[in-house]
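To keep things clear, I will list the structure first and then write my remarks on it.
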Amino acid sequence: MDFERARHEMVQTQLKKRGIKDRRILEALSEIPREEFIDSSFSGLAYDDGPISIGYNQTISQPYIVAKMTELLEINSTDRVLEIGSGCGYQTALLARLAGHVYSIEIIQELAEKTQERLTRMGIKNFSMRQGDGNLGWIEEAPFDKILVAAASANHAPPALVEQIAEGGKMIIPLGERAGKGILGTGEQYLHIFSRIGREIISSRVFEVRFVPLISPSKGS
Ligand code: SAH
């Protein structure tokens, strides 16, 4: 399979045609080898227009969603970014290209270890990763200019994450219940943006999405 060709095709048809405009994102996604983030048995699907299983009942997000969430965050080169749900690290690799430093939390130990290794092997240096419950954020490093949550929180945004948004910063997070069968289920979920302006938090709903649920160990789910 010609990955390079498939990658350029993906950028053209899935990203540009659907309105992704940020040149830095288009450039980065023309270069980041998505095939290296998934199991080799799925590499034929690497540039497909959808999520792919990464094991442990989790998925790598659809390229368009990765690009769109990142674009909505308007990341600057000095930003300190917190990512919840590192998964295979594809989104982390993109954030690291755009931001000053990325702090990424993954709850599944094996994924956290593999992903840290993978990103290090790829020569990415401006990231820190740890295993843990992202609902709590990363208190030692807070606040963050931008926060990206890659799993859906059932009802409301975790309060610790809202607190860890820096003044003038913002967070993007899918909210909504999962219902039905399959990894992604059929429940209604919407992407939300939370912005901190002075002491106020302003939130807005963006569009409907489908994410795996944000695991809440404290609630036993
Ligand atoms: N951007 C990732 C998305 C992976 S799916 C990628 O494209 O690969 C969501 C990820 O969130 C999964 O890896 C899952 O294990 C992780 N996750 C779920 N609940 C979490 C929590 N409470 N804290 C940290 N990570 C969590």
Side-chain angles (χ1 to χ4, degrees), residues 10 14 25 28-29 32-39 42 45-70 72-73 81-99 102-119 122 124 127-139 141 144 146-161 164 171-178 182-185 189 191 209-221:
M10 177 276 281
Q14 299 177 34
I25 295 176
L29 291 184
I32 300 173
R34 198 165 190 259
E35 66 277 10
E36 289 182 22
F37 291 83
I38 55 178
D39 191 273
F42 291 129
L45 304 175
Y47 294 97
D48 272 19
D49 191 12
I52 308 167
S53 166
I54 53 169
Y56 314 97
N57 244 355
Q58 304 300 332
T59 57
I60 176 175
S61 306
Q62 180 190 19
Y64 174 73
I65 289 292
V66 170
K68 187 67 190 176
M69 285 175 85
T70 309
L72 287 167
L73 275 180
V81 179
L82 174 67
E83 177 189 37
I84 307 301
S86 332
C88 65
Y90 181 66
Q91 173 88 67
T92 323
L94 173 60
L95 294 172
R97 291 271 297 242
L98 308 175
V102 181
Y103 298 85
S104 190
I105 306 178
E106 169 56 51
I107 202 163
I108 298 174
Q109 179 77 43
E110 293 90 331
L111 273 177
E113 280 170 18
K114 272 197 208 166
T115 295
Q116 174 143 28
E117 250 180 60
R118 174 182 292 123
L119 295 172
M122 288 179 161
I124 299 170
F127 80 104
S128 312
M129 184 168 287
R130 73 167 200 205
Q131 186 276 331
D133 178 11
N135 283 287
L136 308 173
W138 195 321
I139 192 79
E141 298 293 346
F144 300 95
K146 307 287 157 62
I147 301 180
L148 186 154
V149 186
S153 185
N155 304 310
H156 54 269
L161 292 181
Q164 291 176 27
M171 165 163 83
I172 187 152
I173 179 170
L175 297 179
E177 289 282 1
R178 178 177 73 150
I183 297 184
L184 296 173
Q189 293 175 356
L191 215 50
V209 286
R210 189 144 303 169
F211 277 85
V212 294
L214 187 69
I215 300 164
S216 292
S218 52
K219 291 178 199 142
S221 67

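Order of listing sets the numbers, starting from 1, for every ligand and every atom in it. The structure presented is a predicted model; accordingly, all values stated were derived computationally and were not measured.
In this comparison of Gln91, Gln109, Glu106, Met69, the heavy atom closest to atom 1 (N) of ligand 1 sits on Gln91. Checking Leu111, Ile60, Thr59 against atom 4 (C) of ligand 1, the nearest heavy atom belongs to Thr59. Comparing Pro51, Pro217, Gly85 by heavy-atom distance to atom 2 (C) of ligand 1, the nearest is Gly85. By heavy-atom distance, the residue among Gln58, Glu110, Arg34 lying nearest atom 14 (C) of ligand 1 is Gln58.
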Report the C-alpha separation of Glu35 and Tyr47 in whole Å, then their side-chain angles, then the decisive distance to 0.1 Å, and conclude whether the side-chain contact (heavy atoms from CB on, under 4.5 Å) test is met.
-> CA-CA 8 Å; Glu35 66 277 10; Tyr47 294 97; 2.5 Å; yes

May I have the step-by-step check of side-chain contact (heavy atoms from CB on, under 4.5 Å) for Val81 and Leu98, ending in yes or no?
-> CA-CA 10 Å; Val81 179; Leu98 308 175; over 6 Å; no

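The proximity of Ser216 to ligand 1, defined as any non-hydrogen pair under 4.0 Å, does not occur for either the backbone or the side chain.
Looking at ligand 1, you'll find an N or O of Ile107 within less than 3.5 Å of one of its N or O atoms. Considering both main-chain and side-chain atoms, Gly134 comes within under 3.5 Å of ligand 1 through a nitrogen or oxygen pair.
A heavy-atom distance below 4.5 Å is found between the side chains of Thr70 and Gln91. Using a 4.5 Å heavy-atom cutoff, the side chains of Pro158 and Ile173 are in contact. Side chains of Ile147 and Ile172 form no contact here, defined as non-hydrogen atoms less than 4.5 Å apart.
Summarising the geometry, atom CG belonging to Leu82 is positioned 5.0 Å from atom CD1 belonging to Ile105; distances are rounded to the nearest 0.5 Å. Between the CD atom in Gln62 and the CZ atom in Phe211 there is a gap of 9.0 Å [rounded to 0.5 Å].
Summary of contacts: the protein heavy atom closest to atom 9 (C) of ligand 1 is Ala150 O, 3.3 Å. From the protein, the heavy atom lying nearest to atom 7 (O) of ligand 1 is Ser61 N, 3.1 Å. Ranking protein heavy atoms by distance to atom 19 (N) of ligand 1, first place goes to Ile215 N, 2.8 Å.
The aromatic ring centres of Phe144 and Tyr103 sit less than 6.0 Å apart.
Of all atoms in ligand 1, listed by their number and element, those nearer than 4.0 Å to a heavy atom of Ile105 are 24 (C), 25 (N).
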